[in-house]
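What follows is a short report on a single structure.
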Amino acid sequence: MAPVRCAVLGDPVDHSLSPVLHRAAYDALGLEGWTYEAVRVPGGTLADFLHGLDPSWRGLSLTMPLKRELLDLAGAVTDRARLVGAANTLVLGDDVVAGGLADNTDLPGAAAAVRERWAGAVDDVVVLGGGATAASTALALVEEGATRVRVLARSPQRAAQTVDAVRAHPSAPRVEALALPTQPVRADVVVSTVPASAQGPDLLALLEAPVFFEVLYDPWPTPLASAAGGRGAVLVGGLDLLVHQAALQVGLFLGAAPSVDRSALLAVMREAGERALRARARG
C-alpha cells in the first residue's frame, strides 16, 4: 500500500499534540500506511517546504507562525479561512486544486468545543490576545450568536488585524480593541489565547463570566483554568479545541466523513491526548 503522509508544521512544533491525536484517529479508522509527524518550519520558509512535497502528501496542519503565511501560497482558500485571515489546514492530493486547499478548522472546532460544554448565551465575549487563534475563536462565537466582542491586549494596535477580521463577519458584531483592564470586566464567555505567564492574578481577578475558554492545553492547568475551576465556572480547554479541530482535519484529509461515529472518534482522540499529557506531566 502506498504511504499517505500528513504532518503538523510550525516553529516551535515539538510540543504539538497533533501527532498523538491524528495517529489515534488513523488507527481507529484502520488507515494503514497513513503517517503523521511534526516538522519544524520557521516563518518565511513555508513556500520552500511546500515546493518540496511529493505526491505521497495528503494534508498539513499549520500552527504558529504559519497560519497567515499559508493564505498567499495555497492554490485555493475557503471562505472561512479568508474570513479569519488565517488557515490551519492544507488539503493536498489529486482531487484538490493544484497547490492545495487552505481551510480553517479552528473556527468550527472552537464552536463545537464550546457547545459541547455550554448551551447558554454567548452574546457578549471577551478575548485575551490578538493573534490568529483569537480571531478564529472570536469568529466561532460570533457564529454562535455573539453580538459584542472585546479584544483585550497589551497593545490594542497589534490586535488590529484580528479586530478587522471579526468586524467583517456578515452579522456585523460590535468589536473593540482595548488595553488590559483595570476594572472588572463581565461577559458571557472569556477566551484566553495568551501564554500562561501572562495570566497574572491581578488580571484574572477582574474577569467575570459563567464560561471560560482556555485555548492552551500545555501546561495544564493554566492560571486561568485554575481560577475558572475555583469559581465553579464552565471550563472549555485547549484539548477540547484541539480534538474537535483535528477531527475535522481528518475528514478533510480523507475527503469524506470518517467511517466511525463522530462522538466515538472524538472520545478516542481525547483519551489519547489526555494520556500523552499525563505522561508529559510525569516528566
Side-chain angles (χ1 to χ4, degrees), residues 1 3-41 56-64 66-67 88-92 103-117 133 136-137 140 193 196 213-222 225-226 229 234-283:
M1 179 177 295
V4 178
R5 301 181 67 185
C6 303
V8 57
L9 314 181
D11 185 25
V13 75
D14 288 346
H15 69 288
S16 177
L17 208 60
S18 292
V20 171
L21 302 185
H22 276 260
R23 290 168 187 167
Y26 300 167
D27 287 345
L29 295 169
L31 297 177
E32 296 182 11
W34 282 59
T35 65
Y36 190 103
E37 58 191 302
V39 181
R40 178 178 174 268
V41 177
S56 67
W57 286 86
R58 179 66 60 83
L60 299 172
S61 308
L62 288 297
T63 186
M64 297 306 292
L66 306 175
K67 291 184 177 183
N88 75 329
T89 307
L90 183 66
V91 184
L92 303 165
D103 201 351
N104 189 303
T105 64
D106 283 334
L107 193 159
V114 171
R115 286 311 187 192
E116 183 179 30
R117 301 189 183 278
T133 302
S136 60
T137 309
T193 69
F213 188 171
E214 170 58 89
V215 305
L216 298 180
Y217 59 83
D218 188 15
W220 190 265
T222 63
S226 295
V234 172
L235 177 62
V236 182
L239 183 59
D240 297 324
L241 169 60
L242 191 64
V243 166
H244 278 281
Q245 68 84 20
L248 291 166
Q249 286 182 334
V250 170
L252 290 171
F253 296 167
L254 282 170
S259 58
V260 301
D261 178 73
R262 177 173 171 79
S263 61
L265 184 63
L266 290 170
V268 167
M269 297 171 74
R270 180 175 278 116
E271 181 181 356
E274 291 173 343
R275 188 165 56 247
L277 289 175
R278 287 195 297 269
R280 287 186 188 182
R282 291 194 296 267

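Considering only residues two or more places apart in sequence or on other chains, A112 meets the side-chain contact (heavy atoms from CB on, under 4.5 Å) condition with H244. Every residue meeting the side chain to side chain donor-acceptor pair (under 3.5 Å) condition with T105, not counting sequence neighbours, appears here in chain and number order: N88, Q245. Applying the side-chain contact (heavy atoms from CB on, under 4.5 Å) test to E271 and every residue at least two apart in sequence or in another chain returns R275. By the side-chain contact (heavy atoms from CB on, under 4.5 Å) test, A7 pairs with L9, E37, V39, W57, L60, sequence neighbours left out. Listed by chain and residue number, nothing satisfies the side chain to side chain donor-acceptor pair (under 3.5 Å) test with S226 (two or more places apart in sequence, or in another chain). Y26 meets the ring pair (Phe, Tyr, Trp, His ring centres under 6.0 Å) test with H22, W34; sequence neighbours excluded.
In this structure the side chain of Y217 reaches within 4.5 angstrom of the side chain of H15, judged on heavy atoms. A 4.5 Å side-chain heavy-atom check between V13 and D11 finds every atom pair outside the cut-off. Looking at heavy atoms from C-beta onward, L17 lies in side-chain contact with R280 at the 4.5 angstrom threshold. In this structure, the side chains of R58 and L92 stay at 4.5 Å or more apart for every pair of heavy atoms. No side-chain heavy atom of L216 sits less than 4.5 Å from a side-chain heavy atom of T193. Side-chain contact between T137 and F213 is present, with heavy atoms from C-beta onward closer than 4.5 Å.
Residues P108 and N104 share a closest heavy-atom pair of CD-O, 3.4 Å. Smallest separation of non-hydrogen atoms from L242 and S18: CD1-OG, 4.0 Å. Across all their heavy atoms, S16 and V8 have their closest contact at OG-CG1, 3.8 Å. Pairing each heavy atom of W220 with each of A225, the nearest pair is CH2-CB, 3.6 Å. Between V20 and G273, the shortest heavy-atom contact is CG1-N, 4.2 Å. Minimum heavy-atom separation, A246 to M269: CB-CE, 3.6 Å.
In summary, R117 and D240 engage in a salt bridge, as defined by a charged side-chain N under 4.0 Å from a carboxylate O.
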* To do: Could you please spell out the steps behind the side-chain contact (heavy atoms from CB on, under 4.5 Å) verdict for V4 and T35?
  => CA-CA 6 Å; V4 178; T35 65; over 6 Å; no
* How far apart are the C-alpha atoms of R262 and L248, what are their side-chain angles, what is the distance that settles it, and do they pass the side-chain contact (heavy atoms from CB on, under 4.5 Å) test? -> CA-CA 10 Å; R262 177 173 171 79; L248 291 166; 4.2 Å; yes
* Assess whether side-chain contact (heavy atoms from CB on, under 4.5 Å) is satisfied between L62 and T89, documenting all intermediate values. => CA-CA 6 Å; L62 288 297; T89 307; 5.8 Å; no
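In this structure a side-chain-to-backbone donor-acceptor pair under 3.5 Å is missing from R40 to G10. Using modelled atom types, one side-chain atom of S136 and one backbone atom of T133 make a donor-acceptor pair closer than 3.5 Å.
One finds the CG atom of D261 at 8.5 Å from the CG atom of L266 (value rounded to the nearest 0.5 Å).
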